[in-house]
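Comments concern the structure below.
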Amino acid sequence: MVSKKASDATNNIDEDTHTEVSNKESGRVPSPEHTEAQSEKQKIEQTHEQVTDDVMHHPDLINPLDDIRIDIKSGFAKDSRRLKSDDHEYEYDAVVLGAGPAGEAAAMKLTKSGKRVVVVDPRDQVGGNSTHVGTIPSKALRQSVFNLINFRRDPMFTKAMEYKQVPLNSVLANARQVIRRQVNTHTRFYERNRIEVIQGWASFIDNHTLRIETDDNVFETITFNKAIVTVGSRPYRPDILDFNHPRVFDSDKILQMDYIVKKIIIYGAGVIGCEYASIFTGLGYKVDLINNQDQLLSYLDSEISDAIAHDFRQFGVLIRSNEEIDHLETHDDYVILHLKSGKKIKSDAILWSNGRSGNTESLNLDAIGLKANSRGQLKVDDTYRTEIDNIYAAGDVIGWPSLASAAYDQGRCAAAFMVGDSDAEPVSSVPTGIYTIPEISCIGKTEQELTDEKVPYEVGQAFFKHLARAQIIGERTGVLKILFHRETLEILGIHCYGNHASEIIHIGQAVMKCKSNNTLEYFVNTTFNYPTMAEAYRVAALNGLNRVF
Ligand SMILES: Cc1cc2nc3c(=O)[nH]c(=O)nc-3n(C[C@H](O)[C@H](O)[C@H](O)COP(=O)(O)OP(=O)(O)OC[C@H]3O[C@@H](n4cnc5c(N)ncnc54)[C@H](O)[C@@H]3O)c2cc1C
Ligand SMILES: NC(=O)c1ccc[n+]([C@@H]2O[C@H](COP(=O)([O-])OP(=O)(O)OC[C@H]3O[C@@H](n4cnc5c(N)ncnc54)[C@H](O)[C@@H]3O)[C@@H](O)[C@H]2O)c1
């Protein structure tokens, strides 16, 4: 078996010379588009070298999953026959397919429960899409843009330095460093727990046998008792768009954008679309944000959704609601989006951010009698078990909520159910953290939900502009809203808009989790550090209590 130990992929930050996430050397994908994909890749790598002033070798941000749009279908028969006729013991108690947050958490729990576990992932570095193309690069990028905005606003610097527009991928130097450090940290977790990691594409031969393509047309098989599918997701690419066109992007490809644009269309006003709207306006680009609904992020409390829409407009985002694509016209240096309403929008480029699909099509699920839905997702029960007894699934591949935070907990819980932990519970209450500029974060019910349920609630609010800490750090916008039962004072929902919202929310979440203490009074009777952003809880609680009679 070709087994790549986690240590092979280790990145020592200080002597980091081999950190590329790339299929460059392995060339292991047996795709008809292989040669074309390789030459495309060489082109992109050259571009990277030209644009970056980050002198260290850095992880290639090209998504290896671009190459998953291949199939790994042939050659099952020979191995299947051999293994099925063998009277063998399983090599592993459990196999984990995918080394993202869900896979990592599952593997850690299994190994700590005394199971012999192996993880399979096609990347030569652990961390999954979350680390390489999703959460981590987008959040690091956001931070760089946020710093840029503050720098431009600061009168100390504006006179001294002229601001020049920069292409997106040159703002990614910070992201590359964070990715490198994250890979390093996670690699050590695997090493310290002596978890074997095999680099390759996994697909099923039968319920207890996995085929792994470790190199181009090189296949190995392993046998296992149970499996957890944590293969994650990738951007959904509708057939009507040509993502090979240099002006057409999705959230993976956008990390390679190496030219400056004046105007960009973002199609899809979900979380990714809204986060990138902030990033692009921060870089000084004009944004047309196409939303197929009448409200931005309609599952949020409507006041918060209105607030972000208002701020987007201030920053130069044109929100076009209730619109749908008819077709896209592409030219060498611009695109024209034709909408079903008859509108035409011309722009330098388009970012398509309209949903994701589970990475299930190359898993040969037919061999085990499993079927994914039209979005490539697997159905699981409350114990994360699929319809096949010994096969579990967690993370983006099972759909809701498709967050790294939840994926990690789901992976851990799936493994806990698998090993029969009596206190295992499925993941339920997940906070929302949206890293727009400013941030949004929520937990619990919205005003609309409580009204629909006829719950007698009240609202307590604290505006950031009145808090001493917010004034000191220059936060002009932001609000913390606490929704509570007007008779019992139980906290029912917390909604925060403003920078640091994703941190601030966890104070409220902790209180809500303590059932016996979950009342507004906690915030009134607790002494907060002063000045802090956390003080917003005390201010909001007092504001809410004043409304109760
Ligand atoms: C732009 C962007 C920003 C995001 N921001 C946030 C955020 O701020 N907060 C948040 O909580 N979430 C965020 N997310 C969502 C988050 O990234 C995902 O929810 C998370 O990555 C899911 O983790 P996972 O373990 O299920 O899968 P992934 O991270 O997708 O990892 C799956 C792994 O499986 C591997 N794999 C695929 N096919 C196979 C196969 N056949 N065999 C073996 N291995 C395979 C892949 O190579 C990959 O390494 C963001 C996503 C995107 C795209
Ligand atoms: N801060 C964060 O937590 C964060 C940041 C970025 C992304 N994410 C996660 O990434 C995921 C993707 O976000 P998004 O903004 O691209 O889209 P989204 O999931 O918000 O969906 C946008 C639209 O696309 C549709 N859609 C989704 N998947 C589809 C598919 N396979 N085929 C056809 N239509 C589909 C949806 O119904 C919706 O109308 C979300 O689940 C989100 O949780 C989270």
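Just so it is clear, the model here is predicted, and its values are computed rather than measured. Every number for a ligand or one of its atoms is a count from 1 in the order of the listing. Positions are given from 1, in the same order as the sequence printed here.
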**Request:** Using a 4.5 Å cut-off on heavy atoms from C-beta on, say whether the side chain of Thr221 contacts that of Ile205.
**Result:** yes

**Request:** Return a yes/no value for Tyr276: is any of its N or O atoms, backbone included, closer than 3.5 angstrom to an N or O of ligand 1?
**Result:** no

**Asked** For ligand 1, which atoms have a heavy atom of Lys139 less than 4.0 angstrom away?
**Response** 3 (C), 4 (C), 5 (N), 6 (C), 7 (C), 8 (O)

**Prompt:** Looking only at distance, does Ser405 have an N or O less than 3.5 Å from an N or O of ligand 1?
**Reply:** yes

**Request:** Using a strict 4.0 Å threshold on nitrogen-to-oxygen distance, state whether Glu275 and Lys139 make a salt bridge.
**Result:** yes

**Request:** Record the part of Val271 in heavy-atom contact with ligand 1 below 4.0 Å; permitted values are side chain, backbone, both and neither.
**Result:** neither

**Message:** Does only the side chain of Ser233 get under 4.0 Å from ligand 1, or the backbone, or both, or neither? Count heavy atoms.
**Reply:** backbone

**Message:** Quick test of your reading of the model: are Arg234 and Glu361 salt-bridged, counting only N-O distances below 4.0 Å?
**Reply:** yes

**Asked** Looking only at N/O atoms, are Gly200 and ligand 1 under 3.5 Å apart anywhere?
**Response** no

**Complete:** For Gly395, the atoms of ligand 1 under 4.0 Å from one of its heavy atoms are 26 (O)

**Message:** Give the atom numbers and elements of ligand 1 that come within less than 4.0 Å of a heavy atom of Arg123.
**Reply:** 47 (O), 48 (C), 49 (O)

**Request:** For Tyr435, take its heavy atoms, then give the atoms of ligand 1 lying under 4.0 Å from any of them.
**Result:** 8 (O)

**Prompt:** Would one find an N or O of Thr135, backbone or side chain, under 3.5 Å from an N or O of ligand 1?
**Reply:** yes

**Fill in**
Between Ala349 and Val261 the two heavy atoms that sit nearest each other are CB-CG1, 4.3 Å

**Asked** Does Ala202 reach ligand 1 with a nitrogen or oxygen that is under 3.5 Å from one of the ligand's nitrogen or oxygen atoms?
**Response** yes

**Asked** Would you say Glu275 and ligand 1 have an N/O pair spaced under 3.5 Å apart?
**Response** no

**Message:** Ser251 versus ligand 1: do any nitrogen or oxygen atoms come within less than 3.5 Å of each other?
**Reply:** no

**Message:** Are Tyr92 and Phe224, when compared by the centres of their aromatic rings, separated by less than 6.0 Å?
**Reply:** no

**Prompt:** Would Arg211 count as a cation-pi partner of Phe219, with NZ or CZ less than 6.0 Å from the six-membered ring centre and within 45° of the ring normal?
**Reply:** yes

**Prompt:** Which of the atoms in ligand 1, numbered in the order shown and given with their element, are less than 4.0 Å from a heavy-atom of Arg356?
**Reply:** 53 (C)

**Message:** Need the ligand 1 atom indices (1-based, order shown) with element for anything under 4.0 Å from a heavy-atom of Thr230.
**Reply:** 32 (C), 33 (C), 34 (O)

**Item:** Sidechain N-carboxylate O distance under 4.0 Å for Lys253, Asp250
**Value:** no

**Message:** Within ligand 1, which atoms have a heavy atom of Ser402 less than 4.0 Å away?
**Reply:** 15 (C), 19 (O)

**Prompt:** Atoms of ligand 1 less than 4.0 Å from Leu363 heavy atoms?
**Reply:** 41 (N)

**Asked** Can you check whether Phe146 reaches Asn499 side chain to side chain, under 4.5 Å on heavy atoms?
**Response** yes

**Message:** Measuring from non-hydrogen atoms of Val397 to any atom of ligand 1, is the shortest distance under 4.0 Å?
**Reply:** no

**Asked** Tyr259 ring centre to Arg247 NZ or CZ under 6.0 Å, with the angle to the axis within 45°?
**Response** yes

**Parallel, tilted or perpendicular, as decided by the 30° and 60° cut-offs, for the rings of Tyr267 and Trp352** = parallel

**Asked** Can you find an N/O atom of Ala102 closer than 3.5 Å to an N/O atom of ligand 1?
**Response** yes

**Item:** Any side-chain heavy-atom pair of Asn207 and Asn390 under 4.5 Å
**Value:** yes

**Request:** Could you pull out, from Pro101, Gly358, Gly100, the option with a heavy atom nearest to atom 23 (O) of ligand 1?
**Result:** Pro101

**Message:** Quick check on Lys286: does its NZ atom have over 12 non-hydrogen neighbours (other residues, nucleotides or ligands) under 6.0 Å away?
**Reply:** no

